[in-house]
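What follows is a set of notes on a single structure, which appears directly below.
Values reported hereafter were calculated over all heavy atoms of this structure, with side chains retained and with hydrogens, waters and symmetry mates removed. For clarity, every value in this text was computed on a predicted model and none was experimentally measured.
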Amino acid sequence: MKAFRNILHQSHLTQRIAVFCALCFVLQTGRADDITLTVQAPTTVEAGDQFRIRFTVNSQNVSNFNAPDFKGFEVIYGPSTSRQSSFQMVNGQTSQSSSITYTYVLIGSKPGTYTINPATIQSGSSVIKSKPLTVKVLKPGTGGGQQQQQSSSSYGHSRGGQQPTAPSGGNSISPRDLFMTATASRTNVYEQEAILVTYKLYTLVNITSLDGKLPTLDGFQIQEIDLPRNKEFGLETYNGRNYHSVVWSQYVLFPQKSGKLTIPSVTYEGTVVQPNRNIDPIDAFFNGASGMIELKKKIATPTLTINVKPLPAKPAGFTGAVGTFSISSSLSPLDVKTNDAVTMKITVNGTGNMKLIGTPEVAFPKDFETYDAKVTDNFSKSSSGLTGTKTFEYLAVPRHAGKYTIPATQFTYFDTQSHTYKTIETQAYTLNVEKGSGSASSEVSDYSSNQQDVKTLGSDIRYIKTRDVALSKDDEHDGLFSWRYLLCYAVPLLLFLIVAFIGRKQIQDSANLAVVRGKKANKVASRRLKRAASLMKEHKQNDFYDEVLKALYGYTADRLNIPQERLNKDNVQQELLEKGVAQDITDQYLSVLNDCEFARYAPGDPDANMEDIYGKAVSLISKIEDNIKK
């Protein structure tokens, strides 16, 4: 028996070892799949300039790094190996990372375009490769040089990145050393056809800031493309000189009318930092003077002219869509009962003037109660216009049982590729409506009758009676002093006195500003809290807490008639207690004020308490109102 137990124990131990090895293999394989080898280098350099190329692997459990042959370049240094590791704990969760970077310094000796082949590194039994990289070597020219070791540098609104030094003499800046270009993706377009306008900066000087923006243009709808705040400069040959260039801003324009439309010149103002050649550097060092000088430079862009052709004769059903689109739809459910709602969704997908697309018309049966479509936009700005989807959600309620057909919905647009109108359509749907519990609601009987054709003409007008009509005389005396006659005077007089009394009371109350403020305090606070609820849904924390503070302080200021100069927590607390508000409610009110102020400035996640603070604010205003009324 003991021997059998030993054999059984050894069997279990063997199984555990096998499972452990399998898990280690799976984990090791997963890690190998997550390992990447990336390459970083400038895409454009000048011949004779040094530049760095870095290969970075996001793990230290690797071996056998093999660099490419760097054909077309001379390796003057490398590889230099650096290792980095990091460990962090956030909200009780730990994470760690490590990497190895292999750095080479190269020189491109001859102008041309060269491809650097992938490097490789081994992780276990897997071989990881980097992506190939294309580097363009420019002819030597003015600008760049040794001052910028890579062809890209960070630009921020503070002084970021290295910039070349102006070659011009003195402290002047030549228009050839700093300028901007304006280009349009196309200059002959149709109405509503997207145009990409690009403003590009070329510089040989150290520019530290640049301010300017495209103004509102007559005849265009403008959409600005979001570009990185930190600009990355690159080397570019322009008119035989090598410049550091960057795309500064881009706009998508939709022309709204035909004819020759002008995009005027835009004036940017830049700040350039240069060595102060009017002061000796040694004197500046020992006397504490600045060896640099800031110069302001205005840069004007060229004017662009766009020829806009009118759209051809618009067909029926055209709702203004210009671009390239497709359409899809859905209806849910297909089997319903009377007075149950059905939802139809139509989604337009594509690129073009998505914002200006009109709502397609769905031909629901006449005895369906319909509502305005809910429109949902989900698109982004691109060089071709607005790309994404626009969804129209229709709600309809069938009032009578039967089998109904909802025909296909057509969508007509102007195709910018073929320059013709195209019509696409959704599928048709068959809807089975069964009779629900009870009959159709009497509340919608008028609506149903209005939806059906009325065929009662001929029976709704009666002929005038032509036979003799018997007339009779009322014997009751309706003289000057009859009760009917007197009532005609008494009733208007009584109404006049009532209106005059009420009007006088309202005039007196309106003259008393404190009374007016007190009566409107609750309404004003409710509007502000509704605004706070919207900000909470948009996750705008600072604006949310500001709005809650305005609602609470504004309510007590108006309700208790506290002047703005005396509006503080101590005075509010004193006034609340004097008005009979309970001590615990007053303490809760002050606590919410403190929580709002703390959440605005304290570190942490302000989102966590927004819903709780909003609920407390609504409840407190209601409680204070009830206490004051008592």
Q. Nearest heavy-atom pair of P42 and V135: which atoms, and what distance?
A. O-CG2, 3.6 Å

Review item, side-chain donor-acceptor pairs of residues 187-194, under 3.5 Å, at least two apart:
| unit_1 | atom_1 | unit_2 | atom_2 | d |
| --- | --- | --- | --- | --- |
| N188 | OD1 | N307 | ND2 | 3.2 |
| Q192 | OE1 | Q256 | NE2 | 3.4 |
| Q192 | OE1 | N353 | ND2 | 3.3 |
| Q192 | NE2 | Q256 | OE1 | 3.1 |
| E193 | OE1 | Y190 | N | 2.9 |

Q) Counting distance only, does the side-chain N/O of K296 pair as donor-acceptor with the main-chain N or O of E269 below 3.5 Å? A) no

Q: Could you tell me which non-hydrogen atom of T303 sits nearest to which non-hydrogen atom of I263, and how far apart they are?
A: CG2-O, 3.4 Å

Q. Are any side-chain N or O atoms of T426 and backbone N or O atoms of T409, one a donor and one an acceptor, separated by less than 3.5 Å?
A. yes

(Q) Assess, by modelled atom type and distance only, whether the side chains of T412 and T423 contain a donor and an acceptor separated by less than 3.5 Å. (A) yes

(Q) Here's a test for you: under side-chain hydrogen bond (donor to acceptor under 3.5 Å, both in side chains), which of T36, T101, T103 qualifies with T56? (A) T101

Q.
When you measure from the side chain of Y243 to the backbone of L201, do you find a donor-acceptor pair of N or O atoms at a distance under 3.5 Å?
A. no

Q | Intermediate values then yes/no, side chain to side chain contact (heavy atoms under 4.5 Å, CB included), Y268 and S249 | A | CA-CA 12 Å; Y268 289 81; S249 57; 3.3 Å; yes

**Q.** Pairwise distance CG(L304) to CG(L253) - rounded to 0.5 angstrom
**A.** 9.5 Å

Q. Is the backbone of P264 close enough, under 3.5 Å, to the side chain of T262 for a donor and an acceptor to pair up by distance?
A. no

Q. What's the verdict on side chain to side chain contact (heavy atoms under 4.5 Å, CB included) for F411 and I346, showing C-alpha distance, side-chain angles and the deciding distance?
A. CA-CA 10 Å; F411 177 76; I346 295 179; over 6 Å; no

Q: Indicate yes or no: does D543 engage R531 in a salt bridge with an N to O separation below 4.0 Å.
A: no

Q. Does the side chain of K257 reach to within under 4.5 Å of the side chain of D218, using non-hydrogen atoms?
A. yes

Q: Keeping the roles fixed (side chain from Y614, backbone from F544), state whether a donor-acceptor pair exists under 3.5 Å.
A: no

Q. What's the spacing between L295 CG and T208 OG1 if we round to 0.5 Å?
A. 10.0 Å

Q | Side-chain heavy atoms of K314 within contact of F414, under 4.5 Å | A | no

Q: Give a yes or no answer on whether the side chain of Q122 reaches the backbone of G124 with a donor-acceptor pair at less than 3.5 Å.
A: yes

Q: Would you confirm whether K390, through its side chain, and V375, through its main-chain N or O, come within 3.5 Å as a donor-acceptor pair?
A: no

Q: Check whether more than 12 heavy atoms from other residues, nucleotides or ligands sit under 6.0 Å from atom CD of Q60, and answer yes or no.
A: yes

Q. Counting distance only, does the side-chain N/O of Q223 pair as donor-acceptor with the main-chain N or O of S382 below 3.5 Å?
A. no

Q. Within a strict 4.5 Å, meaning less than it, do heavy atoms of the L210 and K231 side chains meet?
A. no

Q. Looking at side-chain heavy atoms only, is the closest gap between L196 and Q250 below 4.5 Å?
A. yes

Q) Would you say T181 and Y238 make side-chain contact, with heavy atoms under 4.5 Å? A) yes

(Q) Could you check whether any side-chain heavy atom of N58 comes within less than 4.5 Å of a side-chain heavy atom of S97, counting everything from C-beta outward? (A) no

Q | From L106 atom CG to I53 atom CD1, the distance as rounded to the nearest 0.5 Å | A | 6.0 Å

Q. At what distance, to the nearest 0.5 angstrom, does CD of Q274 lie from CD1 of I207?
A. 11.0 Å

(Q) Could you report the tightest heavy-atom contact between V252 and G385, atom names first, then the distance? (A) CG1-CA, 3.7 Å

Q | Over all atoms of both residues, closest heavy-atom pair of L261 and G219 | A | CD1-O, 3.8 Å

(Q) For a side chain to side chain contact (heavy atoms under 4.5 Å, CB included) check, start with the C-alpha distance between F220 and Y251, then their side-chain angles and the critical distance, and finish with the verdict. (A) CA-CA 11 Å; F220 290 97; Y251 302 88; over 6 Å; no

(Q) Does either side chain, that of T387 or that of T351, offer a donor lying less than 3.5 Å from an acceptor on the other one? (A) yes

Q | Atom pair CD1/CH2 of I299 and W248 - distance to nearest 0.5 Å | A | 9.5 Å

Q: Please determine which of K200, K136, H244 meets the side-chain hydrogen bond (donor to acceptor under 3.5 Å, both in side chains) test together with E236.
A: K200

Q: Start with the C-alpha distance between T376 and T391, add both sets of side-chain angles, then the distance that settles side chain to side chain donor-acceptor pair (under 3.5 Å), and finish with yes or no.
A: CA-CA 5 Å; T376 303; T391 302; 5.8 Å; no

Q) Quick one: does P68's side chain get under 4.5 Å of F73's, heavy atoms only? A) no

Q. Within a radius of less than 6.0 Å around NZ of K355, do more than 12 heavy atoms belonging to other residues, nucleotides or ligands occur?
A. no

Q) Mind checking whether I306 and K260 have side chains closer than 4.5 Å, heavy atoms only? A) no

(Q) Check the orientation of F55 and F65. Use parallel for under 30°, tilted for 30 to 60°, and perpendicular for over 60°. (A) tilted

Q. At their closest point, which heavy atom of L235 faces which heavy atom of E46, and how far apart are they?
A. CD1-N, 3.8 Å

Q) So, the side chain of S130 versus the backbone of A119: is there a donor-acceptor pair under 3.5 Å, distance only? A) yes

Q) Taking atom OH of Y545 and atom CE of M536, what is their separation to the nearest 0.5 Å? A) 10.0 Å

Q) Does T198 reach the main-chain N or O of T183 with its side chain, forming a donor-acceptor pair under 3.5 Å? A) no

Q: Can you see which heavy atom on Y421 is nearest to which on P312, and at what distance?
A: OH-O, 2.7 Å

Q: Please indicate whether D69 has more than 12 foreign heavy atoms, meaning atoms of other residues, nucleotides or ligands, lying under 6.0 Å from its CG.
A: yes

Q: Please report the C-alpha distance between T324 and T416 in whole Å, then the side-chain angles of each, then the deciding distance to 0.1 Å, and finally whether the side chain to side chain contact (heavy atoms under 4.5 Å, CB included) criterion is met.
A: CA-CA 7 Å; T324 304; T416 54; 4.0 Å; yes

Q. Pick from T237, T44, D49: which one makes a side-chain hydrogen bond (donor to acceptor under 3.5 Å, both in side chains) with N242?
A. T237

